[in-house]
Each structure stands twice: as C-alpha cells, then as structure tokens.
Amino acid sequence: MKILETVLSCCKDSSIDKVDCNDGNPRRQSRSGSLGGLLDGGKLTAGATLVIGDPECPKTGESMVLNQQDAPEMPSEQEVEEMFASILEEVGTTKESKQRMLGLPISKKWELYLQMRQQESSGNKEHPEVYISKLTMYNRQVTLFDDDLEEKRQFFESLKTALRTSSTSFVLLFLEKDGLVSLLTFLQTMDSKMKISPVHTLLLGCIKAIMNVPEGRKKVLENQKAVNVVSQATVVENLRTKTSALEILGALCLVPGGHRKVLIAMSYLSSYANERVRFQSLISDLCKQDEAIEQDLHYKTAVLSFINAALKYGAGEHSLEFRLHLRYEFLMLGLTPVLESLRDLESESLLKHIEFFERFRLDDEEAIAKRFQVDHIDTKDEEAMLSVVRNKLYASEAYPRVSIDDDAFDIDAFWKCQKCVLLAHPQ
C-alpha cells in the first residue's frame with residue numbers, strides 16, 4: 001500500500017504513467033515530497049506521508065508497469081471510483097491529497113489500483129506478531145557467528161519490506177504490539193560488529209518505514225531515547241548507515257515537535273561520542289574523502305540537507321536569533337572552508353544544498369544588519385561587532401558597562417546588556 005502513499009506525497013499532476021522503483025518501493029520521480037523539496041519552502045501537514053530516502057538501494061532506473069496482458073478488464077467507472085476511494089480511506093490521506101488523487105483520469109485510477117493490489121498480493125504475509133516474536137528472541141541472544149549475522153540480515157530485510165509494502169493496518173498493529181520498542185531494544189544492545197554490518201542499516205530502514213505513517217512518527221517522537229539511538233548511528237563507520245540516520249533526523253526536523261527532539265539528541269550524541277562540541281563529527285566527516293565516491297557524495301549531501309533542515313525548521317522558522325546562534329555552531333567548526341572544498345566535487349545535489357545554506361545565511365545577515373541600522377556587520381572583526389553593540393546600547397542603562405575594566409565587572413549589568421543585544425531592546 002505504500003505505493004499510493006508515496007504517489008500522494010509526490011504527485012503534482014495527473015501523469016502517473018511510470019513510477020520509479022529504486023528500492024522495491026515504487027515512487028514518482030519527484031522531490032516535492034522529500035526533504036529536498038520541503039527545504040525550498042514546502043510544508044509538512046499533519047497526517048501527510050513523509051517520504052524518506054533509502055540509500056542502501058541502488059538507483060536502478062527501472063520502472064514498475066503492470067503487464068497489460070495479465071490485467072483484468074476495467075469495470076464500470078462507478079465501480080472503479082468506489083474501489084479507488086476505499087483505498088484512499090484505508091491509507092488515511094489528507095483532504096488536499098485526496099482531492100488531487102480523485103481528480104486523476106479514470107484509467108490512471110484503475111492502473112494505480114491494480115499496481116497496489118499486485119504489490120500487496122506479492123508482499124510478505126507474515127503477521128506482525130511473528131516478527132515481534134522473532135525480535136524478542138533476538139534481543140535475548142548474543143551473536144557469536146557470521147551465520148547469525150546473515151540470518152538477522154535476512155530477517156530485517158524481510159521486516160523492512162513488510163513495513164514498507166503492507167497496508168497501514170499492518171504497521172499500526174506492529175506498533176500496537178510494541179514492535180518499535182523491540183526494534184529500539186535491538187539497536188541499543190548491538191555489539192560493535194553488528195553496528196558496522198548491513199543489519200544496522202536495515203534496522204534504520206525499518207524505522208523509516210514506520211515513520212512513513214503518521215502514527216509511526218508520533219510514536220518515535222514520543223520517545224526521546226528513540227531519537228537518541230538513531231543519532232548514535234551517525235558516528236559508525238558504515239556510510240550507508242550514517243546516511244540513513246541523518247535522513248531520519250533531517251525528516252524529524254520537519255515534523256511539529258521533532259526539531260527540538262533532534263537537537264536534544266545531537267547534544268546527547270556529543271557526550272556519547274566524546275565530541276568537544278555538538279556537530280563536531282558531522283563537520284569532520286565533510287572534510288574526509290571516502291573511497292566509495294558515490295556513497296560518500298550521498299552521505300555528504302545528507303549532512304548538508306540535515307544542517308539546512310535544522311536551520312530552517314523548528315524554532316529557526318520564526319526566530320532570527322535562533323538561526324544565527326545555531327548557524328554559528330556550524331561555522332565555528334570550520335564549515336565555511338569545508339563548503340568551498342565541497343564545490344570542487346562538482347556534485348549537483350551538493351551544490352544545491354550549499355547554495356541554499358549560503359543564500360539563507362546572507363538573508364539573515366542582511367536582516368540582523370538592518371535591525372542594528374547598519375549596512376553590514378563583519379562577524380570576523382571583534383572591534384566592528386563591539387562598535388555595533390555600543391551604538392545600539394547608546395544612552396541605555398547598559399551602555400556604561402560595555403567598556404568597563406574586568407576588575408569592575410558587574411554580572412547584573414552584563415545580563416542587561418545581553419538582553420538589549422539579543423532582543424534589540426529599543427532603549
């Protein structure tokens with residue numbers, strides 16, 4: 001059923017002749033329902049489907065088309081409308097998406113309906129409780145042999161496929177039976193060998209599939225530990241695993257309430273990974289060059305996509321001060337020269353995110369300069385910044401304290417100064 005959910009997220013017109021099939025989960029070739037599209041000004045509405053990329057699957061360029069010879073004869077228009085409407089009700093679409101889909105030509109509705117039924121019939125028929133029972137067993141075991149790793153790889157591959165291709169009711173039942181809790185328990189108890197194996201990536205793929213359902217995103221956000229565990233995957237050695245984790249975190253930044261959870265998780269990660277400051281590992285990774293060029297580019301794109309999502313959404317959506325503060329966390333780690341070096345890679349996806357970051361930064365710098373009634377604030381020049389602050393605080397109660405000696409430092413006056421600067425106090 002996820003084929004319809006994906007089309008609902010990506011469809012902007014009625015041309016649905018071909019559906020891209022990059023990872024066994026057909027989707028339209030569009031970015032409008034992805035993180036990249038939302039960064040260009042899109043919104044994620046409540047109940048909408050969030051399509052999260054799947055880096056472990058190669059771009060095959062194949063398309064899923066129904067074999068016309070095997071397709072049953074199309075019934076009357078009224079029957080097709082009723083059958084199509086029933087599926088829309090089952091997946092729980094938004095009103096806007098539903099109206100858009102109902103406006104498709106009758107032949108497209110029938111074709112899409114058959115594709116969904118075909119996918120459902122070929123999908124995994126295991127009951128969610130079967131998977132949860134196996135997960136519970138794995139959580140009690142200790143992996144000792146390579147055969148154990150292969151068995152688990154096959155199991156989580158099957159579970160991911162089931163979560164992505166089965167009906168929404170399958171995912172809801174999986175959540176109801178504490179399937180997400182079992183997944184998180186397994187993630188937390190993995191040994192070092194398991195963490196760098198494909199099993200780790202598949203586990204994150206299962207969480208992605210769960211998050212493609214509104215109830216699944218809600219469950220993930222209700223548990224800060226879940227977001228923390230995902231953040232841990234950004235410091236493993238496997239690039240595919242790191243990319244998957246960042247795509248999840250970036251997507252959560254777009255969900256109401258998710259942005260704060262993600263920043264808390266990144267602060268937690270700083271302690272977990274013994275970072276000097278948070279985000280240190282991400283910026284460090286941008287400086288590295290991995291032998292797997294294609295996957296390395298995919299990962300670097302995910303890092304920049306995450307940074308832009310962290311800046312644009314959540315508190316940053318309406319607060320200039322918040323964006324400036326958070327952006328300088330990245331800049332103080334040396335992001336500016338790193339971005340210049342990334343331009344040399346000549347990756348279209350990287351360049352898009354670099355341009356977005358720099359354009360957004362320039363807009364904010366112009367806004368803060370206008371607030372202080374100057375043409376430009378040179379943030380690399382301490383004297384220039386101090387001069388701007390003094391001019392802003394002139395004739396205020398904090399002004400006498402701006403240039404005082406250290407011996408006469410007054411903490412109360414200092415905080416008054418801070419308030420005037422940060423809030424652009426009129427006095």
For Ser270, side-chain hydrogen bond (donor to acceptor under 3.5 Å, both in side chains) partners two or more places apart: none

Checking [X] side chain against [Y] main chain: does a donor-acceptor pair fall under 3.5 Å?
{"X": "His259", "Y": "Ala310", "result": "yes"}
{"X": "Ser284", "Y": "Gln280", "result": "no"}
{"X": "Lys300", "Y": "Leu350", "result": "no"}
{"X": "Ser133", "Y": "Glu129", "result": "no"}
{"X": "Lys242", "Y": "Val236", "result": "yes"}
{"X": "Arg164", "Y": "Gly205", "result": "no"}
{"X": "Ser341", "Y": "Val338", "result": "yes"}
{"X": "Thr241", "Y": "Glu237", "result": "no"}
{"X": "Lys261", "Y": "Leu221", "result": "yes"}
{"X": "Asn308", "Y": "His353", "result": "yes"}

Does the side chain of [Y] come within less than 4.5 Å of [X]'s, by heavy atoms?
{"X": "Leu326", "Y": "Phe279", "value": "yes"}
{"X": "Ile354", "Y": "Glu340", "value": "no"}
{"X": "Asn139", "Y": "Ser182", "value": "yes"}
{"X": "Asn223", "Y": "Val181", "value": "no"}
{"X": "Lys370", "Y": "Glu366", "value": "no"}
{"X": "Leu320", "Y": "Ile368", "value": "yes"}
{"X": "Phe186", "Y": "Lys152", "value": "yes"}
{"X": "Lys225", "Y": "Leu184", "value": "no"}

Quick one: do Glu150 and Arg153 make a salt bridge, cutoff under 4.0 Å? yes

Do the charged groups of Arg361 and Glu365 touch, with an N to O distance under 4.0 Å?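 Yes.
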
Evaluate salt bridge (charged side-chain N to carboxylate O under 4.0 Å, His left out) for Glu355 paired with Arg343, printing each intermediate quantity in order. CA-CA 10 Å; Glu355 292 297 334; Arg343 286 182 178 276; 2.9 Å; yes

For side-chain contact (heavy atoms from CB on, under 4.5 Å), just list the numbers for Phe306 and Val262, CA-CA rounded to whole Å, side-chain angles, deciding distance to a tenth of an Å, and then say yes or no. CA-CA 10 Å; Phe306 168 76; Val262 169; 3.6 Å; yes

From [X] [atom1] over to [Y] [atom2], what is the distance, rounded to the nearest 0.5 angstrom?
{"X": "Leu202", "Y": "Ser244", "atom1": "CG", "atom2": "OG", "result": "9.0 Å"}
{"X": "Lys193", "Y": "Asp148", "atom1": "NZ", "atom2": "CG", "result": "9.0 Å"}
{"X": "Phe322", "Y": "Leu324", "atom1": "CZ", "atom2": "CG", "result": "11.0 Å"}
{"X": "Glu247", "Y": "Ile207", "atom1": "CD", "atom2": "CD1", "result": "13.5 Å"}
{"X": "Leu286", "Y": "Leu304", "atom1": "CG", "atom2": "CG", "result": "5.5 Å"}
{"X": "Lys218", "Y": "Leu175", "atom1": "NZ", "atom2": "CG", "result": "11.5 Å"}

Under the criterion salt bridge (charged side-chain N to carboxylate O under 4.0 Å, His left out), which of Arg371, Arg323, Lys312 is the partner of Asp364? Arg323

Quick one: closest heavy-atom pair of [X] and [Y], and the distance?
{"X": "Ser158", "Y": "Tyr131", "value": "OG-OH, 3.0 Å"}
{"X": "Ser347", "Y": "Leu297", "value": "CB-CD2, 4.2 Å"}
{"X": "Ala162", "Y": "Ser166", "value": "O-OG, 2.8 Å"}
{"X": "Leu104", "Y": "Lys109", "value": "O-CE, 3.2 Å"}
{"X": "Ala245", "Y": "Thr234", "value": "CB-CG2, 3.8 Å"}
{"X": "Thr165", "Y": "Thr161", "value": "OG1-O, 2.7 Å"}

Should the ring pair Tyr138 and Phe156 be called parallel, tilted or perpendicular, given that the plane angle runs from 0 to 90° and is split at 30 and 60?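 Ring orientation, 0 to 90° scale: tilted.
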
Please lay out, stage by stage, how Phe84 and Met101 fare under the test side-chain contact (heavy atoms from CB on, under 4.5 Å). CA-CA 9 Å; Phe84 194 69; Met101 294 299 290; 3.9 Å; yes

Can a donor-acceptor pair be found between the side chains of [X] and [Y] at a distance below 3.5 Å?
{"X": "Ser231", "Y": "Tyr272", "answer": "no"}
{"X": "Thr301", "Y": "Ser349", "answer": "yes"}
{"X": "Asn228", "Y": "Gln232", "answer": "no"}

Would you check, one step at a time, whether the test side-chain contact (heavy atoms from CB on, under 4.5 Å) holds for Ile210 with Leu183? CA-CA 11 Å; Ile210 289 173; Leu183 280 174; 3.8 Å; yes

Going through the distances and angles, do Glu151 and Lys134 end up as a side-chain contact (heavy atoms from CB on, under 4.5 Å)? CA-CA 11 Å; Glu151 178 187 329; Lys134 195 75 173 286; 3.9 Å; yes

Is Arg278 close enough and on-axis enough to Tyr268, meaning under 6.0 Å and within 45°, for cation-pi? no

With sequence neighbours left out, what residues match Phe174 under ring-ring contact (aromatic ring centres under 6.0 Å, His included)?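 Scan of Phe174 (ring-ring contact (aromatic ring centres under 6.0 Å, His included), adjacent residues dropped) gives none.
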
Going by ring-ring contact (aromatic ring centres under 6.0 Å, His included), name the residues that satisfy it together with Phe357, two or more places apart in sequence or in a different chain. none

Using a cut-off of 6.0 Å, state whether more than 12 heavy atoms not belonging to Arg260 lie near its atom CZ. no

